[in-house]
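To start, the structure under review is shown below, and the notes come after it.
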Protein chains: 2
Amino acid sequence: MVSAADRAKNPTRTSVWLERGKPAGRARRSDQSAPSLDRDRIIAESVRLLDAEGPAKFSMRRLAGELGVTAMSLYWYVDTKDDLLELALDSVFGELRVPDVEGAGADADWRDQLRELAVSYRSVMVRHPWVSPLVGRYLNIGPNSMEFANAAQKILSRSGLPAHGVTGGLSAVFQFVYGFGTIEGHFVARCAEAGVTQDEYFAQAMGALRERPGFHEAMDLAEELMEARGGDTVEEMRERDFVFALEILIAGIEAKRGR
Amino acid sequence: MVSAADRAKNPTRTSVWLERGKPAGRARRSDQSAPSLDRDRIIAESVRLLDAEGPAKFSMRRLAGELGVTAMSLYWYVDTKDDLLELALDSVFGELRVPDVEGAGADADWRDQLRELAVSYRSVMVRHPWVSPLVGRYLNIGPNSMEFANAAQKILSRSGLPAHGVTGGLSAVFQFVYGFGTIEGHFVARCAEAGVTQDEYFAQAMGALRERPGFHEAMDLAEELMEARGGDTVEEMRERDFVFALEILIAGIEAKRGR
DNA sequence: ACCTGAACACCGTTCAAGT
DNA sequence: ACCTGAACACCGTTCAAGT
């Protein structure tokens, strides 16, 4: 933990994870009277609030209220709201089911492991729609993010892609999943806020669009394509798109093997 | 344009573009004295400010100040800040160079057109890093967004993908570009804010990471992969990743033709 | 070591009032 | 038709002070 004065000496610090000093908060006193707060409690409650009410309503004052404390108490444990968000971000990355890529897992089919990691990443983004803007905002170098990135690198390294293409392959797959999960997560959150099902929301938006003058032609093609894809619910349609897109990516990687 | 009272009658409105009444602002009076403001000026200045100072510093009060007017004047032209952002979003989508997919363009190679559209989308995201969170937030049904989506659909429809796979293919390509452009745009913006070049920022972050205990192994693989990819500057490295990733996607689509 | 109260410089938006 | 001033209910953060 770093005081405001220390921070002034390190003005280019770009991440909580690059703090000097104790990484997990200020030194705990050995004294018997336990403090009412700690970083982990603050982070856990932040995640809960962000999930429940969305990032727009998340404030230091609101969070403090939920913890039965004044807003200023929080500043004993984190330097800024930004740092807190970065901590919350890495904390939900802990939910990722990262396949075993070391011992026995190093012999598994890279395609299966890639699918597993992609599916898991997607579901984190959907469960926590506030995560995706933060992934863009921070460096993503917390321990859980790093474990994820490391596993992804190992999996793609075994795909047969030429060495010069592995980072590009990583981009292709995980930026896709990021984009997909972002849009999906926001859609789910919007429906929940509006108090309608995804199918209701979708039907309403499509209806409104069809009435727009000059958009008939565009909608015709869109509907034709949606028809061909099939799927009875919005969730099923999205699922088909995700699966097919992932298969395109895997097929593309296979096509680029050794070139 | 819709008054607060009208809006109350349409509580499920989910986009400025689904407003009832005049789509381009309130009716202009025929009177000779021109008003000092109009929607287009407000939108243009919003884009300028968002580019220059980022979304965190963008406020109705700040914007009004820049336009030489009080904050409340703006509410004559837009219902909420949210609506204004949605308008600004579609406005920068107007910068997209959408290939001709209708007449002669319908015979062009779909790969070339897909690359052109992807490159253009990426560069919009990088020039305007505030765009990417908004793409997640809104429905993206403004006229420029729709033209983009329509062109993308037409291009993918000619790729040889089976009809049921076209929407998945669209996801794969454009969610990838979205994710890539998001991360890239934020990185560029962060460097500008910190007043360092991308290469300096990158070197600093890598250096800090290498010093972290227990991250040696992960960094070794990452550096090996970056070595193999090559590229002397951060921009060049990113360029290689983007190009290769896009070729993976195209190869994947080709592999899925007719299946 | 840990927490608080008051204060500063901000927000988006409403509403009644001006011209 | 278009714009303003005052007001409401908020923000993140600092700082001096309490225990």
Side-chain angles (χ1 to χ4, degrees), chain A residues 1-8 16 21-22 24-42 46 49-50 53-88 137, chain B residues 1-8 16 21-22 24-42 46 49-50 53-88 137:
Chain A
M1 194 61 142
V2 142
S3 72
D6 289 340
R7 215 181 330 136
V16 226
K22 332 258 171 324
R26 298 179 197 250
R28 299 296 297 276
R29 58 180 180 186
S30 43
D31 195 301
Q32 70 279 19
S33 74
S36 71
L37 243 45
D38 60 68
R39 261 201 185 186
D40 288 343
R41 260 195 76 205
I42 292 173
S46 297
L49 266 179
L50 285 161
E53 306 182 352
K57 289 185 181 163
F58 179 75
S59 74
M60 297 300 269
R61 288 168 143 104
R62 178 92 181 74
L63 170 62
E66 216 66 22
L67 290 164
V69 103
T70 55
M72 306 78 207
S73 320
L74 301 172
Y75 288 93
W76 183 257
Y77 298 93
V78 293
D79 282 344
T80 63
K81 186 188 184 185
D82 238 51
D83 279 7
L84 176 52
L85 288 173
E86 202 181 353
L87 292 164
R137 180 136 65 241
Chain B
M1 194 58 139
V2 143
S3 72
D6 290 340
R7 214 182 330 135
V16 226
K22 330 263 172 320
R26 296 178 197 251
R28 299 296 296 275
R29 56 179 180 190
S30 43
D31 195 303
Q32 70 280 18
S33 75
S36 70
L37 243 45
D38 60 67
R39 260 200 185 187
D40 288 343
R41 260 195 76 205
I42 293 173
S46 298
L49 266 178
L50 285 160
E53 306 182 351
K57 288 186 181 162
F58 179 76
S59 74
M60 297 299 269
R61 289 167 142 105
R62 177 93 182 72
L63 170 62
E66 217 67 19
L67 290 163
V69 104
T70 55
M72 306 77 209
S73 321
L74 300 172
Y75 288 94
W76 182 256
Y77 297 93
V78 293
D79 282 344
T80 62
K81 185 188 184 186
D82 240 50
D83 279 6
L84 176 53
L85 289 172
E86 204 181 352
L87 292 165
R137 180 137 64 242

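Numbers restart at 1 for each chain; the letters A, B, ... are given by sequence-line order, proteins then strands. Everything numeric here is computed off the predicted structure, so don't read it as measured data.
- For Arg39(B) (side chain) and Tyr77(B) (main-chain N/O), a donor-acceptor pair under 3.5 Å exists by modelled atom type.
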_Show me the dot-bracket string of DNA chain C, counting Watson-Crick or G-U pairs under 3.5 Å, with | for pairs to another strand and [ ] for crossing ones._
||.|||||...|||||.||
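- Distance Leu85(A) CG to dG12(D) C1': 12 Å, rounded to the nearest Å.
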Pairs: protein N or O with nucleotides 16-19 of chain D N or O, under 3.5 Å:
none

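- As a whole-Å value, the separation of Asp82(B) CG from dT13(C) C1' is 13 Å.
- Nearest heavy atoms, Tyr75(A) versus Thr80(A): CE2-CA, 4.2 Å.
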_Run the side-chain contact (heavy atoms from CB on, under 4.5 Å) test on Val78(B) and Met60(B) for me, step by step, so that the C-alpha distance in whole Å, both residues' side-chain angles and the decisive distance to 0.1 Å come before the verdict._
CA-CA 11 Å; Val78(B) 293; Met60(B) 297 299 269; 4.2 Å; yes
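- The distance from atom CG of Leu87(B) to atom CD1 of Ile42(B), rounded to the nearest 0.5 Å, is 9.5 Å.
- For the pair Leu85(B) and Leu50(B), the minimum side-chain heavy-atom distance is below 4.5 Å.
- For Ser36(A), the side chain to side chain contact (heavy atoms under 4.5 Å, CB included) partners two or more places apart in sequence, or in a different chain, are Val69(A).
- A 4.5 Å side-chain heavy-atom check between Leu74(A) and Leu84(A) finds every atom pair outside the cut-off.
- Taking atom P on both nucleotides, dA9(C) is separated from dA9(D) by 22 Å, rounded to a whole Å.
- Near DNA chain C, meaning a heavy atom under 4.0 Å from it, residues 54-66 of chain A has Arg61(A) in order of number.
- For the side-chain hydrogen bond (donor to acceptor under 3.5 Å, both in side chains) test, residues two or more places apart in sequence or in another chain that qualify with Thr70(A) are Ser73(A).
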Using atom names, set out every protein N or O paired with an N or O of nucleotides 3-6 of chain C below 3.5 Å, distance rounded to 0.1 Å.
| from | atom 1 | to | atom 2 | distance (Å) |
| --- | --- | --- | --- | --- |
| dC3(C) | OP1 | Ser36(A) | N | 2.8 |
| dC3(C) | OP1 | Ser36(A) | OG | 2.6 |
| dC3(C) | OP2 | Tyr77(A) | OH | 2.7 |
| dT4(C) | OP2 | Thr70(A) | N | 3.0 |
| dT4(C) | OP2 | Thr70(A) | OG1 | 2.8 |
| dT4(C) | OP2 | Ser73(A) | OG | 2.3 |

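- Partners of Arg62(A) according to the salt bridge (charged side-chain N to carboxylate O under 4.0 Å, His left out) rule, which considers only residues two or more places apart in sequence or in another chain, are Glu53(A), Glu66(A).
- Using a 4.5 Å heavy-atom threshold, the side chains of Leu63(B) and Lys81(B) count as separate.
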